[in-house]
Number of protein chains: 2
Amino acid sequence: MSLSTTTACNQSEAETPQLLLKNQVCFSLYSASNALIRSYRPLLSALDLTYPQYLTMMVIWEKSGINVKDLGHDLHLDSGTLTPLLKRLEAKGFITRERSDEDERVRLVFLTTQGQQLKSQAESVPEAIFCKSQLPMTELQQLKASCEKLLANLKK
Amino acid sequence: MSLSTTTACNQSEAETPQLLLKNQVCFSLYSASNALIRSYRPLLSALDLTYPQYLTMMVIWEKSGINVKDLGHDLHLDSGTLTPLLKRLEAKGFITRERSDEDERVRLVFLTTQGQQLKSQAESVPEAIFCKSQLPMTELQQLKASCEKLLANLKK
DNA sequence: ACTAAAAAGATTGTGCACAATATACTTGTA
DNA sequence: TACAAGTATATTGTGCACAATCTTTTTAGT
């Protein structure tokens with residue numbers, strides 16, 4: 001068996017069903033992820049945020065003063081993605097990027113007052129997305145659990 | 001309730017649990033999708049393909065002569081993504097891009113001999129990814145079904 | 001103290017995604 | 001048969017993701 005789920009029917013499928021788009025788990029995941037991010041767009045552009053910026057702000061709302069390495073660990077992103085993203089968040093006034101005094105290599109990211117204010121504006125976003133998804137909470141939780149398991153297995 | 005699944009514990013979570021990264025279904029989906037595409041990378045670079053190019057080739061293996069609009073419909077991508085991607089596939093010699101005779105606006109995409117040969121090289125990829133995922137087939141099928149349902153709901 | 005190795009970020013380059021817009025062609029309707 | 005509206009694709013610009021590489025700083029072993 002393969003990651004492509006087979007449901008053979010006609011001849012062309014019988015030959016290499018694992019290479020049909022409709023049998024690809026990853027394609028479904030990829031399309032759903034793209035679609036979900038697309039659904040966030042109108043809500044987040046009102047806050048002047050992209051989806052990856054919104055995720056980053058979530059970490060900073062929780063852990064102001066975090067460094068880039070830990071941020072990357074939490075978000076599963078590297079400095080090549082985060083450095084320019086953080087510069088854009090800084091340019092918008094939501095965060096500041098300061099060097100650590102103990103270790104000059106380390107960049108610490110702090111929430112600004114404006115960044116703090118953004119959080120209250122963002123509070124209605126999760127509910128709005130839940131409505132758009134039109135899926136029962138139990139199914140969403142199951143989906144989340146499977147994605148987390150898959151991610152953990154791929155990281156091994 | 002919201003798309004962020006709550007599992008309240010400490011004080012900071014109790015305030016706005018729906019804005020915690022660990023409660024975001026979309027973040028799990030996004031991270032798992034990125035990780036899966038990352039896992040494909042070493043397998044596909046041996047074929048000189050990226051993951052979106054691989055998906056595109058799947059459609060063309062099945063439907064040589066398809067136009068850009070139908071390709072975009074199948075892949076949930078637009079011409080802004082597909083036009084440059086198809087040009088790269090053409091530059092690699094896997095496809096040709098020809099104008100339709102009946103309607104000069106339409107671009108038809110055909111498989112080349114080299115593109116056909118690529119298919120047999122790709123046949124081992126799905127199995128390899130299935131192994132990397134380390135998830136039972138039933139869970140993968142469930143994951144796929146939920147993603148498809150979510151995508152369909154978001155498209156409405 | 002000196003230096004090799006390691007660590008933290010930053011930089012560069014490629015390839016998506018996608019919004020917005022532009023261009024070329026086709027079709028329906030007066 | 002003009003011509004407005006619609007359609008198919010292409011172009012432009014922004015912001016990720018990520019590999020590869022580089023710089024700066026720290027740490028460890030001598």
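In what follows, chains carry the letters A, B, and so on, assigned in the order in which the sequence lines appear, proteins first and then strands, with residues in each chain numbered from 1.
- Residue A/Ser33 holds its OG atom at 11.0 Å from CG of B/Leu36, rounded to the nearest 0.5 Å.
- Within the structure, salt bridge (charged side-chain N to carboxylate O under 4.0 Å, His left out) contacts touching residues 46-55 of chain A (residues at least two apart or in different chains) are A/Asp48-A/Lys92.
- Across D/dA19, D/dT25, D/dT9, the shortest atom-to-atom separation from the side chain of A/Asp103 is found for D/dT25.
- Judged as a side-chain contact (heavy atoms from CB on, under 4.5 Å), and not counting sequence neighbours, the contacts of B/Gln134 are A/Asn153, A/Lys156.
- With sequence neighbours excluded, the residues satisfying side-chain contact (heavy atoms from CB on, under 4.5 Å) with B/Glu98 are B/Thr96, B/Phe110.
- Using a cut-off of 4.0 Å between Lys/Arg side-chain N and Asp/Glu carboxylate O, A/Asp74 and A/Lys63 are scored as salt-bridged.
- Residue-level contact check: B/Leu85 touches the backbone only, with heavy atoms under 4.0 Å from sugar-phosphate atoms and none from bases.
- Toward the 5′ end of DNA chain D lies the nearest nucleotide of B/Asn67, the other residue of the pair B/Asn67 and A/Thr50 mapping further downstream.
- For the pair A/Arg99 CZ and D/dT23 P, the computed distance is 15 Å after rounding to whole Å.
- In this structure, A/Arg105 places its CZ atom 6 Å from P of D/dT27, rounding to the nearest Å.
- Checking B/Thr16 against A/Glu123 by side-chain atom types alone, no donor-acceptor pair falls below 3.5 Å.
- For the atom pair OG (A/Ser28) and CG (B/Leu140), the distance works out to 10.5 Å, reported to the nearest 0.5 Å.
- When DNA chain C is scanned in the 5' to 3' direction for atoms under 4.0 Å from non-hydrogen atoms of chain B, the outermost contacting nucleotides are C/dG15 to C/dT26.
- B/Ser79 contributes a side-chain N or O that forms a donor-acceptor pair with the base of D/dA10 under 3.5 Å.
- Remark: A/Lys132 engages A/Ser39, A/Pro42, B/Leu154 in a side-chain contact (heavy atoms from CB on, under 4.5 Å) (not counting sequence neighbours).
- Between A/Tyr40 and A/Tyr54, the ring planes are tilted. Angles from 30° to 60° get that label.
- When each of B/His76 and A/Thr81 is assigned the nucleotide of DNA chain C bearing its nearest heavy atom, the one mapping closer to the 5' terminus is A/Thr81.
- Looking at heavy-atom distances under 4.0 Å, B/Leu82 makes no contact with the nucleic acid at all.
- Rounded to whole Å, atom P of D/dA10 lies 15 Å from atom NZ of B/Lys69.
- When rounded to the nearest whole Å, the span between CD of A/Glu102 and C1' of D/dT27 equals 16 Å.
- The distance between atom CG of B/Leu77 and atom C1' of D/dA10, rounded to the nearest whole Å, is 16 Å.
- Nucleotide D/dT9 holds its P atom 12 Å from the CD atom of B/Glu104, rounded to whole Å.
- Look at CD1 on B/Ile66: it is 13 Å from P on D/dA8, rounded to the nearest Å.
- Looking at residues 86-98 of chain B, you'll see B/Arg88 sit with a heavy atom under 4.0 Å from some atom of DNA chain C.
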